[in-house]
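These numbers were taken from a predicted model, which means no experiment stands behind them.
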Amino acid sequence: MSEVVFLFGVAGAGKNWVAERLSARFGYHFYDADLDLTPAMRRAIERRELFTDEMRAEFFSLVADRIAVLRRV
């Protein structure tokens, strides 16, 4: 089974930079979970609103599904 490195933090902290370096150095697949933000989350960001628990639950379910697919590749 393949390993998963999950980087989580505030915007602009350098998560993508680190992930791209890990990908290049160790051959890890780089997946930017921002690409799977739900429409509700994108609206909340535009309106500068907080995410609800329901938004987070839906998003993390999508991310978990995507990771499961990528681990099989």
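Listed by chain and residue number, nothing satisfies the side-chain contact (heavy atoms from CB on, under 4.5 Å) test with Arg25 (two or more places apart in sequence, or in another chain). Residues satisfying the salt bridge (Lys or Arg N to Asp or Glu O under 4.0 Å) criterion with Arg43, sequence neighbours excluded, are absent altogether. Ile45 pairs by the side-chain contact (heavy atoms from CB on, under 4.5 Å) definition with Leu37, Phe51, not counting sequence neighbours.
Grouping the Ile, Leu, Val, Met, Phe, Trp and Tyr side chains by contacts below 4.5 angstrom, directly or via other members, places Val18 apart from Ile67. Cluster annotation: Phe60 is not connected to Val5 through the hydrophobic network of ILVMFWY side chains, with a link wherever side-chain heavy atoms come within less than 4.5 Å. Put simply, Leu22 and Val63 are part of two different groups of oily side chains (I, L, V, M, F, W, Y) that touch within less than 4.5 Å, one to the next. Val69 and Leu35 are assigned to two separate hydrophobic clusters, defined by single-linkage of ILVMFWY side chains at heavy-atom distances under 4.5 Å.
Residues Ala44 and Leu50 share a closest heavy-atom pair of CB-O, 4.3 Å.
Here side-chain hydrogen bond (donor to acceptor under 3.5 Å, both in side chains) pairs that include residues 60-69, with residues two or more places apart or in two chains, are Asp36-Arg66. Evaluation of the ring-ring contact (aromatic ring centres under 6.0 Å, His included) test over residues 20-39, restricted to residues two or more places apart or in two chains, returns Phe26-Tyr28. Here side-chain hydrogen bond (donor to acceptor under 3.5 Å, both in side chains) pairs that include residues 12-24, with residues two or more places apart or in two chains, are Asn16-Asp32. Here salt bridge (charged side-chain N to carboxylate O under 4.0 Å, His left out) pairs that include residues 48-62, with residues two or more places apart or in two chains, are Asp53-Arg56.
Within a 6.0 Å radius of CZ in Phe6, more than 12 heavy atoms belonging to other residues, nucleotides or ligands are found.
Residue Val10 is found outside any hydrophobic cluster, as its side-chain heavy atoms come under 4.5 Å of no other Ile, Leu, Val, Met, Phe, Trp or Tyr.
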